[in-house]
Every structure is written in C-alpha cells, then in structure tokens.
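This structure is a prediction, so every number in the text was calculated from the model and none was measured. Keep in mind that the numbers below use all heavy atoms, side chains included, and drop hydrogens, waters and symmetry copies.
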Amino acid sequence: MKIQITADSTCDLSQELYDKYNIKVIPFIVTLGEQSFYDGQNIKPEDIFNYFDKNKELPKTGARSPEDLKDFFEPFLKNGYEVIHFGIGSKLSSGYANCELVANQNDKIHLVNTKTLSSGSGLLAMYASELAQSGKYSASEIAEKCRKRADYHQSSFIVERLNYLYKGGRCSMLSMLGANLLGIKPCLQLKDGEIKVGKKYLGPTPNCLRKYIQDELKTYNNPDHTRIMVTYSTATPKMLEVAKLTLQEYGKFKEILFTQAGSVISSHCGENTLGILYLNDGDDNHY
C-alpha cells in the first residue's frame, strides 16, 4: 500500500515537520506589486511586512490552478501512490475547489476539507501521515478519519494590531483606530469553516496571550493531548516564552510545537499574531 500525504503551503508546518512526516507541499502564490513568489520558497513573512510598511497595501495571494495541481499530483500517481491532500478550508480559498476539479477525474486522489487554516490543517496532515506509516488503513479510510476529525479543530489567533484586518476588509476604520488606540487585541476564531471575531483582550500582548490561551483551553476543553501547535507570524521572545510557560502549566500536551506562519497567512493578520491550534476530540480511538 503506497500512500503519499500532500498539502498546500497554508498548512504552515516547518520544513523539519514536513520532512519528518513526509508531507509534500505545493506553494500558494503571493504577488507583491508586479512580482509573484511561491509561499514558503522564495518569500518570507518579513517581506510581506516590509512591503506593507512601504506601500500601505496588502499583497495578493492565490491558490494554484487545477493545471498546476494536476502536474503536482502526477508523479506520485505514476509511481503507484494514492494521494491524500490537505489544505486550507473550502470556505477560505478557492484552493479546495480547484483540487476537487482534479480529484474528480482520478479516484486515487483523496481530498480532506480541513475546514481551517494554518497549522490546524497541518495537524490533520501529520495525523494522516502517522496512520499511513502504521500500515493499518487504506488511503480512503485515512481520508475519512481525517474528515471526521476536521469538525473538531480548535484554531484561533490573537492579533496585536488591526491594520491588516482593516486593509483586508475584515474590520472598519473606526474599529481599527479604536482597538489600536486602546490596545485591544481580538481573538480570531475559526468557526463553521469561517473566521469570526471572538473575545477581545486589553493590555500588554504577553498578558493577553496568557489569558487567551487559558480561555481557549477552558472553552475547548476536550483536547487530543498528542500535540498542540503554537503558530505565529512574528513574535517577541517574551510572547513565545509566555505561550510555552502557559501550556507547560496546563501540563497535558505530549508535544508543544512552535511554527512560523507562511507569507499567505501572515499577510492577512500582520505582525505579532500568535495562535494555538489543536484537535478537540479527546485522546481515545484515533489510532
């Protein structure tokens, strides 16, 4: 049984994790002015922030075409693999719909609508890799197990400043100016496959992060404790320390993994955005 796990670059795992779990990645496209780049290959979040500071506009981001995806999958299929593909949720990008156009022509390609983004999608891809390595399940069985788990993701971020959300049309000028002036930091929560504004926190970013993490673990209180992702666009050493210590105080996750978001995700939330992502469906019967 030959199974290849694939993902698009919005899964936001580190290269170390892609290598460890043998996840092959097709990058989204990021366009700055007249120049286009491949997410995770020849552009970094810092490039996005420098461009925004200079031009006061967001880059354009785009999913890969069905033709690109067909070319991406073809070598695996030719070598006898079945492919299980993970990417950003279907309500957040055209990427999933483009994959469907390709998968509908080949029953060896199995798609999982992760209903989330960033390392929330990455968590499911890593899980699929573990199932594939066990040799216990077919590709279709693994894909189905992942689809069921996608309904239980906890994916959220706390945003330091609203400038990027305003430019992206996700908040008003008044909301942005008021939040920035008062130091309000909103939580962005993935619910029903869409980004919603959750609780709002007031005060220094490290203090807000601590309360945000504690609140998420209390609200979404049935985690799979195998691992939790801490994913950030940029973060100060203090922010990372607070996140690590708060999760260590909780004390139940076997792995706490830190990853930096890619250019696509970072372009929508701005600097010093940090989130925790985990699967909220308990510890039993996943393997």
Taking NZ, NE, NH1 and NH2 as the nitrogens, is one of them in [X] or [Y] under 4.0 Å from a carboxylate oxygen of the other?
X	Y	result
Lys199	Asp215	yes
Lys148	Glu141	no
Arg210	Glu249	yes

Check: [X]/[Y] side-chain N/O donor and acceptor closer than 3.5 Å:
X	Y	value
Tyr51	Glu57	yes
Ser129	Gln133	yes
Asp224	Tyr152	no

dist Gln41:CD -> Ile29:CD1 (nearest 0.5 Å) comes out at 10.5 Å
_Parallel, tilted or perpendicular: ring planes of Tyr81 versus Phe76, cut at 30 and 60 degrees_ =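 Perpendicular.
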So the ring pair (Phe, Tyr, Trp, His ring centres under 6.0 Å) pairs with at least one residue in residues 90-145 (sequence neighbours excluded) are Tyr127-Tyr287
Residue pairs involving residues 228-243 (criterion side chain to side chain donor-acceptor pair (under 3.5 Å); sequence neighbours excluded):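 Sorted result for residues 228-243: Ser119-Thr231, Thr231-Thr259, Thr234-Asn272.
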* Asked: Counting heavy atoms not belonging to Asn285, are there more than 12 under 6.0 Å from its CG?
  -> no
| field | NZ/Lys191: more than 12 non-hydrogen atoms of other groups inside 6.0 Å | value |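 Result for NZ/Lys191: open.
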Which of Ile195, Leu190, Leu123 passes side-chain contact (heavy atoms from CB on, under 4.5 Å) with Thr116? It is Leu190
TODO: Sequence neighbours left out, what pairs pass salt bridge (Lys or Arg N to Asp or Glu O under 4.0 Å) with at least one residue falling in residues 76-94?
DONE: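 Every salt bridge (Lys or Arg N to Asp or Glu O under 4.0 Å) pair that includes a residue of residues 76-94, provided the two are not neighbours, is Glu74-Lys78, Glu82-Lys108.
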| Can you find a heavy atom in the side chain of Val112 that is under 4.5 Å from one in the side chain of Ile142? | no
